[in-house]
Amino acid sequence: SLLSCYYLQVMATKTEFLQLKSTVQELKKTQLDIKEEFLQLKSTVQELGRTQQDILIRLENLEQQLTSLGGGSLVPKEPEAVLTCVQCGVDYKESQNAAVSCKYHAGKLKEASPWNYQYKCCNKGGGKYEASKKTPGCAKGKHSSKHHTNYTYENYFTYMGELSMKAKEVWMELDVKDHITDRCMWAEVGISEDGHTY
């Protein structure tokens, strides 16, 4: 009876050992399958990499040939920005901005007499305000998309007036009377809400 108990235990251990051996063999086979699949995928990736490199080289060669024939680039260019000139109000592209593209007035439009407005810079205009605003500029230069102080232009006076209306802090105000012309002039220096000095 002790011997038969021992025999049953040995048989159970042998069965368990055979099952474990079978499981290990299956795992080894699965491991080999996975390794084989990995190597195939690695080979495919390397082949795709070579194909991609070949395609890029061919594209570069075609682009060089096209450029040498005067056909331009295969890479689409960004469309050039359309800017608005602060001096004359015209839309323009920087590539077409020549030294005399912009026609503007260097002075303000002033009332010469009732219902008669003229530019101070050239005395042109005449008639009502809106009609006089359409008078072609007397000065020429390059268009500018940003306000500047390189020289005077009519729209700068409007811009500065708008800035002073948005004043956050006024640093100095000045009223001056010209005794020769009997004209009064006014100026203001400060900082606007958006941080610009004027």
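These values consider heavy atoms only, across backbone and side chains, with no hydrogens, waters or symmetry-generated copies. We count residues from 1, following the sequence as given.
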Whether Ser132 side chain and Tyr117 backbone form a donor-acceptor pair below 3.5 Å: yes
Close side-chain approach of His147 to Tyr153, heavy-atom, < 4.5 Å: yes
CD on Gln40 to CD on Glu37, rounded to 0.5 Å: 7.0 Å
From Asn123 atom CG to Thr135 atom OG1, the distance as rounded to the nearest 0.5 Å: 11.5 Å
Any side-chain heavy-atom pair of Lys142 and Gln87 under 4.5 Å: no
CD-CD1 distance between Gln52 and Ile57, expressed to the nearest 0.5 angstrom: 11.0 Å
Residues which pass salt bridge (Lys or Arg N to Asp or Glu O under 4.0 Å) with Asp54, listed by chain and number, not counting sequence neighbours: none
Other residues, nucleotides, ligands: >12 heavy atoms within 6.0 Å of Gln46 CD: yes
Close side-chain approach of Glu154 and Lys133, heavy atoms under 4.5 Å: yes
Nearest-0.5 Å distance, CG of residue Asn155 to SG of residue Cys85: 8.0 Å
Hphob cluster co-occupancy, Tyr156 + Tyr104, side-chain heavy atoms under 4.5 angstrom: yes
Closest heavy-atom pair and its distance - Tyr92, Thr84: CE2-C, 3.9 Å
More than 12 heavy atoms from other groups under 6.0 Å of CD on Glu80: yes
Sidechain-backbone polar pair: Ser43 side chain, Leu39 backbone, donor-acceptor under 3.5 Å: no
Test item: Lys93 and Val82 side chains (from C-beta on) under 4.5 Å apart, heavy atoms: yes
Separation between CG of Leu56 and OG1 of Thr51, rounded to the nearest 0.5 Å: 11.0 Å
Rounded distance (nearest 0.5 Å) linking atom NZ of Lys146 with atom CG of Leu83: 9.5 Å
Minimum heavy-atom distance between Gln96 and Ser101, given as atom pair plus value: O-OG, 3.6 Å
Nearest atoms (heavy-atom pairs only) where Glu111 meets Trp115: OE2-N, 3.9 Å
Check: Cys122 and His105 side chains under 4.5 Å, non-hydrogen atoms: yes
Student check: side-chain heavy atoms of Lys103 and Val90 closer than 4.5 Å: no
Any residue meeting salt bridge (Lys or Arg N to Asp or Glu O under 4.0 Å) with Lys29, in chain and number order, not counting sequence neighbours: Asp33
